[in-house]
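To keep things clear, I will list the structure first and then write my remarks on it.
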Amino acid sequence: MIGSKKDEKKADIRKNMSPESLMMSYGYKPELSEGALKCPIFQTSTFVFKTAEEGKHFFEIAYGLKEMKPLEEVGLIYTRLNNPDLEILENRLTLWDKAEEGAVFSSGMAAIFTVAYTFLRPGDAVLFFEPSYGGTEYLFHNVLPQFGIESVCLKAGSNREETEATIENSGFKDKLTLIFLETPANPTNKLTDISMLAEVAEKYSSDSRKVVLAVDNTFLGPFWQKPIEHGADLVVYSATKFIGGHSDVVAGVCLGSKQLLKPLKAMRTFMGNMATPWTGWLLMRSLETLQIRMTRQAENARYVADYLLGHPMVQKVYYLGHIKEEDPQFQIFCKQCNSGGAMIAFDISGNEKIAFHFLNSLQLIKLAVSLGGTESLAEHPASMTHSDVPPEDQKMMGVSERMIRLSIGIENKDDLISDLENAFRAYGSVAGQK
Ligand SMILES: *Cc1c(COP(=O)(O)O)cnc(C)c1O
């Protein structure tokens, strides 16, 4: 398929519009699908070539034997390599983060594993931050060492001096190849400075070895934080969370430059861990309401966080919108986040028993891990999402048996408060009985 000059001009105009205006149409050509307004689900494993010559040409492009002509689009071959639902979805995802290229995966972990397999080789080292998502920590601590890849770990929120001192003292200074950051940290909402790490990555890169900075932007992206604007090379997502947004799909995303995405997509082709066409279609449906969902979730979260802050049975609230100006975290917040987000943790006064009683008393808010969906969820990090973190490390991170994590959805905010209030009352009666 070769696009016309007119198509190119149309695409340019669209590039200047806001992502939310483009989520319903960008990258989709109704004339190629019988005029259907919505992009159909291309539920097919393989694609018919018009001629043998065309098939040969598509393969030459796919295997890098020939360069594409200007305006030429990649020919469809086989769904493990490419599929319209995935390509249109990838094009739409690039708009939010202002990335050149995107790749969608069967899960967030598939995206993270594929980044590791693409950019790390035996003898290399990776720097990452704790707390990180459990699967990510497991990959860096337990899986990669089996392939001769070392990891160096730092506390979330570390500043430049601490980061450089850790690299200098690690013994892996000359082997550092990947910096993997999750900010804000889960569940404490601790922020780490993305542009500071971009400078560190630059400093430790050499002509022969680029240090890639990858940011897991699941908690705030793609609407509230844009790591590429702050110097990140790659952005990864569990699209299972805010991007999917309805708790009905598992998927992952990686975005970045064409140069870095090319080997990543090649690796995905051979690992075979792309998302399915049906998942791609569901995520396009989700992207149409991303901004409206996330805006409502953030409004609700602020309301809930403010309510918790003043509550006599709450000892501490961990919420980005409450960071005080004198806190060094405030600078980072102003620089790289444009919302307090929809994730809140708080310490209830009491112990695990009290925390569990509170969780068991919630009715509207569901007791489940995961996050970012239209419905509000509550969980107990110490015994659930972070249960494999050794107790000393939990303590260091600030995760205690008193902590409860909330992911705030799009419900009526007063109903959320009354659900929390009822659970606090139930807890009060138990605490009183003792
Ligand atoms: C859920 C999550 C992941 C893993 O994503 P899956 O889609 O479950 O594989 C990675 N990082 C963060 C921050 C997450 O919340």
Side-chain angles (χ1 to χ4, degrees), residues 86 89 93 97 102-117 126 128-144 156-157 178-192 194 214-225 227 232 234-255 268 271-276 278-280 282-283 286 294 297 318 320 336-337 341-345 368-373 376-379 381 384-389 397 399 405-409:
L86 303 191
L89 170 65
L93 283 163
D97 279 278
V104 286
F105 292 86
S106 54
S107 69
M109 282 315 302
I112 295 169
F113 256 79
T114 311
V115 166
Y117 273 75
V126 49
F128 75 106
F129 292 79
E130 254 180 353
S132 281
Y133 182 72
T136 306
E137 290 220 26
Y138 190 86
L139 169 69
F140 292 147
H141 275 314
N142 302 306
V143 180
L144 294 184
L178 177 67
I179 300 179
F180 194 93
L181 169 68
E182 197 178 308
T183 182
N186 170 17
T188 55
N189 273 334
K190 196 74 164 179
L191 294 170
T192 308
I194 299 168
V215 177
D216 182 335
N217 200 32
T218 302
F219 265 47
L220 287 183
F223 186 48
W224 297 320
Q225 179 172 270
L234 295 173
V235 179
V236 299
Y237 288 105
S238 168
T240 314
K241 315 296 168 53
F242 288 98
I243 292 176
H246 296 69
S247 307
D248 56 5
V249 68
V250 172
V253 178
C254 183
L255 302 166
R268 182 186 68 172
M271 291 178 102
N273 56 2
M274 70 298 159
T276 65
W278 171 223
T279 294
L282 277 170
L283 290 177
S286 292
M294 291 183 85
Q297 284 173 274
Y318 307 78
L320 291 177
Q336 71 192 33
C337 313
M343 297 301 296
I344 304 168
V369 299
S370 198
L371 57 107
S376 297
L377 301 178
E379 65 112 6
M384 296 171 191
T385 45
H386 294 67
S387 57
D388 63 341
V389 178
M397 294 170 191
V399 175
R405 187 186 79 180
L406 300 174
S407 168
I408 302 299

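Counting starts at 1 for both ligands and their atoms, in listed order.
- Near S238, with a cut-off below 4.0 Å to any heavy atom, the atoms of ligand 1 are 1 (C), 2 (C), 3 (C), 4 (C), 5 (O), 6 (P), 7 (O).
- Residue-ligand proximity, T240 to ligand 1, at heavy-atom distances under 4.0 Å covers atoms 6 (P), 7 (O).
- Protein heavy atom in closest approach to atom 14 (C) of ligand 1: K241 NZ, 3.0 Å.
- Among the atoms of A110, none of the N or O lies under 3.5 angstrom from an N or O of ligand 1.
- Taking only nitrogen or oxygen atoms, main chain and side chain alike, L371 does not reach within less than 3.5 Å of ligand 1.
- Side-chain contact check for N217 versus L255: every heavy-atom pair is 4.5 Å or farther apart.
- Taking the side chain to side chain contact (heavy atoms under 4.5 Å, CB included) definition, one finds that A378 meets it with L359, L362, I365, L406, sequence neighbours left out.
- Comparing V249, I112, D216, T136 by heavy-atom distance to atom 11 (N) of ligand 1, the nearest is D216.
- Between V115 and C254 the shortest heavy-atom distance is CG2-SG, 3.9 Å.
- Close approach of ligand 1 to S107 (heavy-atom distance below 4.0 Å) involves ligand atoms 7 (O), 9 (O).
- Taking all atoms of both residues into account, the shortest heavy-atom contact from F180 to V126 is CB-CG2, 4.5 Å.
- Considering only non-hydrogen protein atoms, atom 9 (O) of ligand 1 sits nearest to M109 N, 2.8 Å.
- In the model, T385 has a side-chain atom that pairs as donor or acceptor with a side-chain atom of E379 under 3.5 Å.
- Every atom of ligand 1 is numbered from 1 in the order shown, and the set under 4.0 Å from a heavy atom of A251 is 7 (O).
- Of the N and O atoms on the side chains of N273 and T114, at least one donor lies less than 3.5 Å from an acceptor on the other residue.
- Between C337 and L191, some side-chain heavy-atom pair lies under the 4.5 Å cut-off.
- When only non-hydrogen protein atoms are considered, atom 4 (C) of ligand 1 lies nearest to Y133 CE2, 3.3 Å.
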